[in-house]
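All remarks here apply to the structure that follows.
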Amino acid sequence: MSLEWYWAATVLFGLSIVFMMMGIPVAIAFCAGNIVAAVLFMGGAGGIIQTVNNGFGSMTTFALVPIPMFLLMGELFYHTGLATRCFNAADKLLGNIPGRLSYVTLIGGTAFAGPAGSSMGACALLGSLMVPEMAKRGYNKYLSIGPIMGVGGLAVIIPPSALTVLLATLGQTDVGDLLMAGIIPGFILAVMYGFLIWGWTKWDPTAAPQYDAPPVPRAEKIRLIFVDVIPMVAVIAFSVLIMLTGWATPTEAAALGALSVVVLAACYGGMTWSAWVKSLEGALRITVMSFLIIFGSATFANMLAFTGASSGLMNWALSFNVAPIGMVLIMIGVILFLGCFMDQLSMMLLTAPIFFPLAKTLGFDLTWFGLIMLLALEVGYTTPPFGLLLFVMKGVAPPDTTMKDIYLAAMPFIACVLILIGVILVFPPIATWLPQVSH
Amino acid sequence: MSLFSRAYDRLMYGMAWCAGFLMAAMMISICVDVLLRNLGHQSSAHLFTFTEYALLIMPCLGAPWLVRERGHVYVEIVLMHLSAANRRRMGYVIGGFCIVVCAVLAWYGFDVTWTNYVRRDVDVRSMDMPRWIIVIFIPLSFAMMAFEFARHLLRGESVLGDMASTVVLKDAP
């Protein structure tokens, strides 16, 4: 059946989005959209058979191995109590600095959310754990909720991050490069967040009242640094460094990283059978979901190409003669819009097959573009009025927290991510220098 | 519980356990491979191939279990604005829809598997693997997913898990 590309594009995107909005599980919604489109455009049953064959090809791809491995690493960190150790150590080591609980949230949250690169779990955990504690200490809501909303932006770009691997795979760009590209911007963002909290407590000391944290003797502090901080940081740094130096591929780095968490947890006596089973279960949940989505994604991308929808959309977008950088801004805008009602996986799947080729046509470095997209995905997730993370927060925050409180709390942290996006747009080497050097 | 449902449950949970085992095996085999390489041994190309197959088999084995656990993400923005009664009705529509989609993919998946078997298609990687042996996990998985969705509906349960906006922490450390 031949037809204009825009009908094909409308059917492909429209059906998937409508199915998803109905509340159909995302992976099934994509498969359904594909089935209908396959029947329409690829000649009935033959199209569905093609879907199965494409799924086979796209799932048996070695580059996807880091996804389960990073997820396993994150779950192990969480269930064996290593993340809690880091968290408690940060709590004790920060002493009496103003706004200490906000910093603790930020550091702890990054430890929790890091490897998965997904902020929903960390947001739920920290929201129920830290917000009541901060409320008790007289912190204002913005300084207690804000850092939690900011954690995701940090977690998604600092390697290890499963979400990064997925985006690189969907965008057909180098997984290792995109993982490494996040390191410098990640540090910049962490510093920005730190300054934000510091400035806030300077400007309004009542926002985070000083209280006498139980004194921690120096010897205890030294012990904490050597026992509870350095080993955990070392494990993460190890898996990043072996990748950076080219000693191991991203896949190997991910597997070695997961194994080193097992060894470390065993040293601390946290590697129980139950922790192991829970970690595998947690990692399996997200792996299954991600891979079902990947199963649909190959056909989705194929169909976009086959029907001429991707080239049509690209030519259409290019026909406006917008400056390349303007085009990037429009793409960021689309992601922010989609973030109002979708999770990051779905947003990636819908946009990557169009955005990456478009970025390539415009002559952009795909690693640079991928990083910007990752940040935009996180901002979209947190943007008022409908960002999904806002609702997660509402669900776990104390009952007197209004949506407006959450919006206002999230704003400054979102602003930091937006500034970072701006900085990377203007100075691409922030993202591209490290991957280039490591080559 | 009938003998059939007990046997089926064993199969489904057994598959999920195998999926977990594959994930652990993947981690260990890659690490062993790195170790061997650094000790100067030639690593096996078959390991690479088996890992790729495991990437397909693992999610296929775990998918029916995920449906049982109601672990699939879904967009809740429309659902959360519905009344409880309408949400329940919508739950049936969603469940029915999922059954149809999974059944269609299972049907055509078996078709592909059968064709591969009859034509003796091989998947050429580091070795020649009969393709049907790997592909069969796709229809098996979707058929069992359809069955799991149907099971939820027949028991009058929702096929969807808790909404993120009402998320409850089950196993915080």
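So you know, we letter chains A, B, ... as the sequences are listed, proteins then strands, and number each from 1. Keep in mind the model is a prediction, meaning the values are calculated, not measured.
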Quick check on B:F110 against chain A: is it the side chain, the backbone, both or neither that has a heavy atom closer than 4.5 Å? neither
Contact part of B:W65 toward chain A, heavy-atom cut-off under 4.5 Å: side chain, backbone, both or neither? side chain
For chain B, which of A:E281, A:R285, A:M20 has the most heavy-atom pairs under 4.5 Å? A:R285
To the nearest 0.5 Å, what is the distance between CZ on A:F295 and CG on B:L105? 5.5 Å
Are A:M59 and B:E52 close enough, and set up right, to give a side-chain contact (heavy atoms from CB on, under 4.5 Å), and what steps lead you there? CA-CA 8 Å; A:M59 280 163 91; B:E52 288 193 324; over 6 Å; no
dist A:T287:OG1 -> B:L22:CG (nearest 0.5 Å) comes out at 11.5 Å
Measure distances from B:I138 to the heavy atoms of chain A and classify the residue's part below 4.5 Å as side chain, backbone, both or neither. side chain
Atom group of A:W247 that falls short of 4.5 Å from chain B, counting heavy atoms: both
Out of curiosity, B:M23 CE to A:S279 OG, how far, rounded to the nearest 0.5 Å? 10.5 Å
Does the ring centre of B:F137 sit less than 6.0 Å away from the ring centre of A:F56? no
Separation between CZ of B:F142 and CD1 of A:I28, rounded to the nearest 0.5 Å: 6.5 Å
Given heavy-atom pairs under 4.5 angstrom as the criterion, report whether the side chain, backbone, both or neither of A:M69 touches chain B. side chain
The test is side-chain contact (heavy atoms from CB on, under 4.5 Å); show your working for A:L284 and B:W17 and say whether it passes. CA-CA 10 Å; A:L284 190 62; B:W17 275 99; over 6 Å; no
Turns out that what part of A:L259 lies under 4.5 Å from chain B's heavy atoms comes down to both
Point-to-point distance, once rounded to the nearest 0.5 Å, from CE of B:M27 to CG of A:L280: 8.0 Å
B:M90 portion near chain A, given a 4.5 angstrom heavy-atom threshold: side chain
To the closest 0.5 Å, what do you measure between OG1 (A:T60) and CE (B:M129)? 11.5 Å
Whether over 12 other heavy atoms sit under 6.0 Å from A:F238 CZ: yes
One option among A:V262, A:T251, A:L292, A:T51 has the most heavy-atom pairs under 4.5 Å with chain B, and it is A:L292
Measure distances from A:A29 to the heavy atoms of chain B and classify the residue's part below 4.5 Å as side chain, backbone, both or neither. neither
Begin with the C-alpha distance, continue with both residues' side-chain angles, and end with the deciding distance and a verdict on side-chain contact (heavy atoms from CB on, under 4.5 Å) for A:N53 and B:V112. CA-CA 8 Å; A:N53 283 324; B:V112 172; 3.4 Å; yes
Where does A:A275 contact chain B at under 4.5 Å (heavy atoms): side chain, backbone, both or neither? neither
Give, as side chain, backbone, both or neither, the part of A:I24 having an atom under 4.5 angstrom from any heavy atom of chain B. both
